[in-house]
Each structure stands twice: as C-alpha cells, then as structure tokens.
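Written below as structure tokens is the structure these notes are about.
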Amino acid sequence: MTRISTIENDPAGGKALPALSRTEPDRNCPLCPRLKGFREEARQREPDWFNSPVPSFGDPDGRLLIVGLAPGLQGANRTGRPFTGDFAGDLLYATLLEYGFARGVYQARPDDGLTLVDCRISNAVRCVPPQNKPLPAEINTCRPFLSATIGTMPRLRAVVALGRVAHESALKALGLRSGAAPFAHGAVHQAGALKLYDSYHCSRYNTNTRVLTPDMFRSVFARVRADLR
Ligand code: SF4
C-alpha cells in the first residue's frame, strides 16, 4: 500500500503559489547562456530539428500534469513535442494510452494525431542540456515557466514528477520547501488539494538497468488513474 505523506504548506489554499508569468519561453530565450549556446550549435548542425525551448503538450484544463527533466537531444529537441522521438516517449505514451490519459496512436512524430486526455506534459527545463544534465542554476532559471504552467491549470489535482530533479522543481514551483517531501519512486505526497506522485524517470538508461521496469512505471499511473476516477 502506498504511503501518503502530507505536506503542510497548502498550495491549493492560495498561500504559496508563485506569481504567474508566461507559460512558454521565447524561441530564442537567452536566460541560460550555456543552454542557449548548446541550442545554437544544434541549429547549425541540424537545421531541420526543432532546437528551441519545447512547449508543454496537452490540455490546460487537465487534472494531471506530468513533469519531466528536460528535452532529449534526439527526442523532444528534435521533434518539438515533449517525450516524442526517443525511448522515454515509447514507455510514457504507451502507459498514458493504457490508462486513458491519451488517445490515438503514438508514432513518435508531433503530427501523429496523438492527443492527451485530462493530461498535460511539461519539463522542468525547457531546453536540451548537454548530457541530459541541466545545472542547478538552469533548473532555477527555468522554473518560472513551470510555475506559470501549474498556475494556469485550474483543475489540476495530480502532478507526476519523473525523477528527482523534476520532483524538486515541482515542489518549489508549488511553493513548497524542497525538504518537505523526499523523492522516492512510488511515493505520493499530499499537498492540499493536489497530490504529487514520484516516479523514476522513464529513460532508456533507467529501464536498461532495471532501476525502472515497465510494471513499476505502470503502477504509478494506475494509482493516479484510481485517484482521478
Ligand atoms: S532552459 Fe528555460 S530559462 Fe533556460 S534558456 Fe531554456 S527556456 Fe530559457
């Protein structure tokens, strides 16, 4: 049985949500110089790729928000849709389809017609970082876009954080102390009307090393599905 920890600071009570700002950065967002440079190199090398901050995907009226780490170089950074085009998307979208949070057929292309149902996907960091590793300053700099995304979801009830970085950034975006709810795969943290669900990231590395099995991943979304009946 999943233990639910309760976070005392209640974002839904209007106490601590950060001030709202824009949900989507400019295509040429200059706020993280290292990531801007990496993006511009990728534009030179691969002019047909998206190579820009990747916008959120899905329904702003959804009750579920999934927060990933950052675009993968040949995944979302290439295609322009979160988790689209690399292994992480194969497992994520198969799972969302299985639990009714997506409709259609995932074909790893942004024009595959897949739609999300009651669900939105975003990333803690919107630009692709070298080696999939954003720096702490970059995570902090990009957080206002995540905060704004959360702030523009009036029906939000569930946040699934994929990995520790997404967990920490989501906590802070909700206006909560980072130590308020330690990350653990399968943990559920109650924060007022919201629940924050933790999962290991569905990366190829985590699945190849069996840190995360498809069943472990499915169990997180089974729990969300049961709670959002
Ligand atoms: S990671 Fe976020 S804040 Fe940093 S440059 Fe990209 S969009 Fe701007």
Side-chain angles (χ1 to χ4, degrees), residues 18-58 60 65-93 106 108-112 114 116 119-153 159-174 178 183 199-206:
L20 298 185
S21 59
R22 300 174 46 206
T23 60
E24 302 302 334
D26 288 337
R27 180 174 183 275
N28 295 310
C29 180
L31 297 176
C32 304
R34 186 182 77 120
L35 300 189
K36 176 173 179 281
F38 192 60
R39 212 172 57 206
E40 289 174 353
E41 283 172 26
R43 285 179 186 173
Q44 293 286 324
R45 202 176 53 248
E46 300 287 354
D48 295 334
W49 289 10
F50 187 72
N51 294 323
S52 299
V54 174
S56 303
F57 171 46
L65 175 67
I66 298 164
V67 181
L69 169 60
L73 181 63
Q74 300 194 40
N77 175 67
R78 176 173 60 84
T79 64
R81 190 176 75 179
F83 289 90
T84 298
D86 58 11
F87 176 85
D90 293 349
L91 180 54
L92 177 61
Y93 286 116
Y106 172 67
R109 296 182 281 106
D111 60 352
D112 58 13
L114 187 88
L116 299 185
C119 175
R120 197 179 194 190
I121 304 176
S122 194
N123 277 313
V125 172
R126 300 296 186 91
C127 293
V128 58
Q131 282 89 47
N132 292 326
K133 287 190 177 134
L135 302 174
E138 293 160 351
I139 299 165
N140 288 337
T141 301
C142 208
R143 187 170 306 111
F145 298 110
L146 178 60
S147 301
T149 299
I150 289 171
T152 52
M153 296 185 70
V159 177
V160 173
L162 300 180
R164 192 178 300 273
V165 170
H167 165 93
E168 292 289 329
S169 205
L171 269 185
K172 291 178 186 168
L174 290 166
S178 68
F183 174 83
S199 172
Y200 291 131
H201 193 282
C202 49
S203 64
R204 184 189 292 273
Y205 178 83
N206 279 349

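- Residue Leu69 comes nearest to Val165 through the heavy atom pair CD1-CG1, 3.4 Å, listed as atom of the first residue, atom of the second, then distance.
- Scanning both residues, Ala88 and Phe83, for their nearest heavy atoms gives CB-CD2, 3.8 Å.
- To the nearest 0.5 Å, the span separating OG on Ser56 from CD1 on Ile66 amounts to 11.5 Å.
- The minimum heavy-atom distance linking Arg39 with Asn28 is given by the pair NH2-C, 3.3 Å.
- Annotation for Ser169 and Arg143: closest pair OG-NE, 3.0 Å, computed over non-hydrogen atoms.
- Looking at Leu35 and Pro130, their side chains come closer than 4.5 Å, going by heavy atoms from C-beta outward.
- Counting only distance, with no hydrogens or angles, the side chain of Asn123 and the backbone of Pro82 share no donor-acceptor pair below 3.5 Å.
- For the salt bridge (Lys or Arg N to Asp or Glu O under 4.0 Å) condition, the pairs that include at least one residue of residues 124-141, sequence neighbours left out, are Glu24-Arg126, Arg34-Glu138.
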Legend entry - side-chain contact (heavy atoms from CB on, under 4.5 Å) between Asp112 and Arg81, intermediate numbers included: CA-CA 11 Å; Asp112 58 13; Arg81 190 176 75 179; 2.9 Å; yes
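- Val67 and Ala166 get closest at one heavy-atom pair: O-CB, 3.3 Å.
- The CZ atom of Arg22 sits 12.5 Å away from atom OG1 of Thr152, with the distance rounded to the nearest 0.5 Å.
- Put simply, the side chain of Leu73 reaches to within 4.5 Å of the side chain of Phe38, judged on heavy atoms.
- Distance check, rounded to the nearest 0.5 Å: NZ of Lys172 to CG of Leu146 gives 12.0 Å.
- Judged purely by atom type and a 3.5 angstrom limit, Arg27 has no side-chain atom pairing as donor or acceptor with the backbone of Ser52.
- Residue Ile121 holds its CD1 atom at 13.0 Å from OG1 of Thr149, rounded to the nearest 0.5 Å.
- Checking side-chain atoms of Arg78 against main-chain N and O of Asp86 turns up no donor-acceptor pair under 3.5 Å.
- Asn206 approaches Tyr200 most closely through the heavy-atom pair ND2-CB, 4.2 Å.
- Counting heavy atoms from C-beta outward, Thr84 and Tyr93 have side chains that approach closer than 4.5 Å.
- A salt bridge does not link Glu168 with Arg164: every distance from a Lys NZ or Arg NE/NH1/NH2 to an Asp or Glu carboxylate oxygen is 4.0 Å or more.
- Ile150 CD1 to Leu65 CG: the interatomic distance, rounded to the nearest 0.5 Å, is 6.0 Å.
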